[in-house]
Amino acid sequence: MRTKVAGRRMNGGRCGRAAGIGFTAALTLAVGTGTVAAAPALAAPSSTPAGGCPQVAAEFVPGTWETNANADPSVAVGLLRPIADELNRRFPGKIRVRFPAYPAQAFTGGLAYGTSAAAGKQALTDDIASLAGCANTRWLIFGYSQGGDIAGDVASQIGCNDSPIPADRVLGVGLIADPQQANTGGQVVGPKVSGQGIAGGRVQGFCKLTSRVAQQCDDSDMYCSTNATKNPLLSSIGRLVTQPLGATGSAALTDAMTSGLSSSQLTQLPGDLSTITNLTAGSGSADMPRLAEAAARTGQTLQGLEDTASWVRQNPAAQKQLAAGGPGSVQQSANSFLGTLSELDLGGAVNGAASIANTAQAIAAGGRPPAGVLAQPAQDLAAVTAPIAASPADVLSQAGQVLSILKPSVVIDQITNVGTNGLALARNVPAIGDALRRLGEVLTNPALLVPGPAQQLLIREAHRLSGDLNNLFRPLVVLAADADLKLASGLLRMIPDPSGASLIAALIVDLLSQVDVVGLAKSVGDLQEALWHGIETNDWLGAAGRAAGAGLGVVSVGLRALGSGEKTPTSALNVPSAGSADLTSLASQFVSLAGSSGADTLADVAAEGLDAAAFLTSGVHVSAYTDKPVDAAGHTAVSWLTEWAAAKVQALT
């Protein structure tokens with residue numbers, strides 16, 4: 001049984017990618033929330049924390065992967081950094097700037113989004129509470145992406161419950177790409193936003209702080225602007241997976257999505273391996289706490305690599321996504337790195353790192369093991385992991401970026417694929433059945449084999465029907481080509497859906513897995529092509545012969561797939577009026593439920609080329625806030641919030 005590595009998970013952060021911003025002259029005070037009134041006289045604080053009470057405390061909560069749980073809160077990072085830097089420059093000595101440290105993971109590094117966000121909310125709350133005794137201090141609170149989710153929730157708590165500080169101490173709250181943006185809480189600044197955040201709106205809003213909340217959301221960023229009418233499936237997934245860990249219905253899906261690997265862990269691995277080698281090479285005393293920490297972190301990273309490699313080997317959909325990258329792509333680099341891992345005894349390396357970590361911890365606690373006890377395990381670990389340590393930094397970085405989000409990306413892609421193509425197929429099933437029956441009638445007509453005008457009409461009709469079938473089968477072909485049907489079925493069953501649409505979709509996928517989809521589609525295409533060749537060459541007799549042979553096979557297989565063969569018991573549906581569980585009846589129920597008001601979890605998913613995982617697990621929504629103007633003066637979201645915050649601070653002086 002493998003020994004799990006003890007110790008904390010050291011979630012790394014990714015440097016902020018915000019572009020440099022040229023700030024314009026200060027805006028007038030009548031921006032966004034109206035003219036800022038002079039601050040009222042303030043009472044003396046009831047208690048003064050160590051370090052004194054700043055005039056303004058500015059909290060900046062970074063987005064996903066922009067920080068980590070062990071970051072220095074005094075160091076500005078990420079997309080919000082330019083705001084903090086400019087406020088410090090304009091108001092030296094008046095502002096205390098903090099960037100609360102939290103995991104900032106999204107289904108990576110072994111943490112579900114909800115778990116990471118909960119830790120961030122606690123960190124921000126604790127930081128604000130540390131100055132709660134400073135009655136003269138006023139707050140500015142900012143958040144971006146996952147940080148916007150966190151900052152918005154804490155602002156809601158302050159505005160509606162006066163906790164951990166009274167609402168009247170907050171000058172303003174600036175949120176960028178908030179996944180709970182709802183157009184009803186605070187002011188959405190800039191161009192019109194048509195949708196809501198992917199996590200849905202906050203139930204209680206911001207209460208007393210509503211007029212002091214400024215939201216920045218680009219309408220093309222589905223993290224903060226998802227149209228629930230056009231994309232109900234994506235909205236449902238977003239609401240589900242952004243819930244706190246343990247919320248009803250979320251555990252199974254979040255577990256299926258969560259990767260044990262983060263990008264920063266992989267890039268940090270060579271340094272940790274070098275630390276282990278250096279600290280165990282000498283004969284004198286070593287820094288055992290440092291050694292224990294490096295070894296524990298190494299074991300966790302190696303475990304994440306082993307789990308990821310194993311998961312990829314078992315999932316054709318993951319393999320296909322990696323293989324889709326062309327020469328020189330990050331997917332190809334990650335795939336090549338996985339090939340390197342397949343040659344290594346990662347399990348042995350995980351155990352070796354755990355042994356070193358536990359022994360170093362024992363020595364640090366006062367134990368007295370034999371001299372040099374760590375030298376050989378460290379050498380063995382170095383030997384096994386040498387190919388990883390020797391990998392160029394850019395290879396490790398690219399592999400980390402791809403592999404850390406591969407699991408959530410594949411999971412969401414499978415669900416959205418079934419939602420899009422499964423519903424399209426279900427809508428086509430009646431027409432498919434009708435076309436197959438009519439084609440069968442044509443192919444069994446005795447006149448088909450008798451030369452003459454009647455034969456030519458029948459062959460033309462057979463060609464038209466095979467063309468219709470070719471088009472009607474297209475969603476089925478796409479579904480079979482792009483979806484791992486077993487994986488998709490299991491994922492659909494994890495979505496809590498009182499309407500029963502998700503379960504019906506899962507049963508449809510189960511039935512499709514029993515059909516030779518590729519063979520059926522190929523047969524239809526071959527039939528269409530053969531008939532067209534006969535029509536073009538006037539080889540009516542040859543076309544009739546091919547139609548009679550191949551065509552009857554298509555009709556037989558197609559009709560059997562729609563309504564006979566092995567069936568799933570209707571009791572498995574567990575929804576009212578399930579009826580028969582053949583594909584035709586299931587498709588009818590699916591289409592009916594998808595059009596009902598209660599079936600928000602599975603309905604049309606707009607064909608917008610949406611990569612849903614990009615908005616849940618990556619920082620692709622950056623340039624819209626650093627480069628794109630949001631007003632006539634040419635301000636970006638970041639520069640607008642800078643001027644907005646500066647005006648509020650200026651009003652205090």
Side-chain angles (χ1 to χ4, degrees), residues 8 11 13 16 42 45-85 87-88 91 93-105 111 114-176 178 180 202 206 208-209 212-213 244 641 645 648-649 652:
R8 298 174 297 172
N11 293 311
L42 303 174
S46 58
S47 62
T48 302
C53 294
Q55 183 178 21
V56 176
E59 300 283 348
F60 296 85
V61 189
T64 302
W65 302 330
E66 288 189 330
T67 187
N68 63 84
N70 302 287
D72 183 348
S74 67
V75 177
V77 297
L79 182 138
L80 298 174
R81 177 179 178 177
I83 302 177
D85 289 347
L87 291 178
N88 267 330
F91 307 102
K94 295 182 179 180
I95 298 179
R96 188 200 76 159
V97 168
R98 300 275 290 184
F99 281 70
Y102 77 104
Q105 298 292 320
L111 288 180
T115 304
S116 174
K121 290 169 192 173
Q122 190 62 57
L124 177 58
T125 300
D126 290 347
D127 209 37
I128 293 173
S130 70
L131 296 181
C134 296
N136 288 339
T137 295
R138 292 296 179 261
W139 267 266
L140 287 168
I141 302 173
F142 299 88
Y144 162 61
S145 188
Q146 185 176 165
D149 196 349
I150 294 166
D153 277 0
V154 172
S156 176
Q157 179 70 18
I158 295 171
C160 300
N161 302 300
D162 285 324
S163 176
I165 57 172
D168 60 9
R169 295 189 190 176
V170 178
L171 293 175
V173 179
L175 306 178
I176 298 179
D178 173 17
Q180 293 190 72
R202 293 178 180 84
F206 296 106
K208 299 174 187 176
L209 289 182
R212 280 168 273 171
V213 176
L641 283 175
K648 292 179 177 295
V649 175
L652 292 176

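We're numbering straight along the sequence, starting at 1. What you see below is based on every heavy atom in this structure, not just the backbone, and it leaves out hydrogens, waters and symmetry mates. Values in this document were obtained by computation on a predicted structure and should not be read as measured data.
At a threshold of 4.5 Å between non-hydrogen side-chain atoms, the residues Arg169 and Ile158 do not count as touching. Using a 4.5 Å heavy-atom threshold, the side chains of Phe91 and Gln55 count as separate. The side-chain heavy atoms of Leu80 and Ile176, taken from C-beta on, include a pair separated by under 4.5 Å. In this structure the side chain of Val56 never reaches within 4.5 angstrom of the side chain of Lys94, judged on heavy atoms. Between Leu652 and Leu171, the closest side-chain pair of non-hydrogen atoms falls below 4.5 Å. The shortest distance between side-chain heavy atoms of Leu87 and Val97 does not fall below 4.5 Å. Side chains of Asp127 and Arg96 form a contact here, defined as non-hydrogen atoms less than 4.5 Å apart. Side-chain atoms of Lys208 and Asp162, non-hydrogen and from C-beta on, do get closer than 4.5 Å to each other.
In plain terms, the two heavy atoms of Pro100 and Pro62 that are nearest each other are O-CD, 4.0 Å. Summarising the geometry of Gly148 relative to Asp178, their closest heavy-atom pair is O-OD1, 3.6 Å, with the distance given to 0.1 Å. Nearest heavy-atom pair, Ala71 versus Thr67, reported as atom, atom and distance to 0.1 Å: CB-OG1, 3.3 Å. In terms of heavy atoms, Ala167 sits closest to Gly159 at CB-CA, 4.1 Å. Heavy-atom minimum distance, Leu140 versus Ala645: CD1-CB, 4.0 Å.
Neither side chain, Gln157 nor Asp153, offers a donor N or O lying under 3.5 Å from an acceptor on the other.
The CD atom of Gln180 sits 10.5 Å away from atom CD1 of Ile150, with the distance rounded to the nearest 0.5 Å. Interatomic distance, OG of Ser163 versus CD1 of Ile128, reported as 9.5 Å (0.5 Å rounding). Separating the CD atom in Gln146 from the CD atom in Glu66 is a distance of 10.5 Å, to the nearest 0.5 Å. With rounding to the nearest 0.5 Å, the separation of CZ in Arg138 from NZ in Lys648 is 12.5 Å. For the atom pair CG (Asn136) and CG (Leu131), the distance works out to 12.0 Å, reported to the nearest 0.5 Å. Atoms CG and OG, on Leu209 and Ser156 in that order, are 8.5 Å from each other to the nearest 0.5 Å.
Using a distance-only test at 3.5 Å, with no hydrogens or angles considered, no donor-acceptor pair links the side chain of Glu59 to the main chain of Trp139. Side-chain atoms of Thr137 come within 3.5 Å of backbone atoms of Pro54 as a donor-acceptor pair (strictly under, hydrogens ignored).
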- Item | Arg202 vs Asp149, side-chain contact (heavy atoms from CB on, under 4.5 Å): CA-CA, chis, key distance, verdict | CA-CA 10 Å; Arg202 293 178 180 84; Asp149 196 349; 4.1 Å; yes
I'd like to know whether Leu124 forms a side-chain contact (heavy atoms from CB on, under 4.5 Å) with Tyr102, so could you lay out the CA-CA distance, the side-chain angles of the two residues, the decisive distance to 0.1 Å, and finally the verdict. CA-CA 9 Å; Leu124 177 58; Tyr102 77 104; over 6 Å; no
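Partner of Phe99 under the ring pair (Phe, Tyr, Trp, His ring centres under 6.0 Å) criterion, out of Phe142, Phe60, Tyr144: Phe60 alone.
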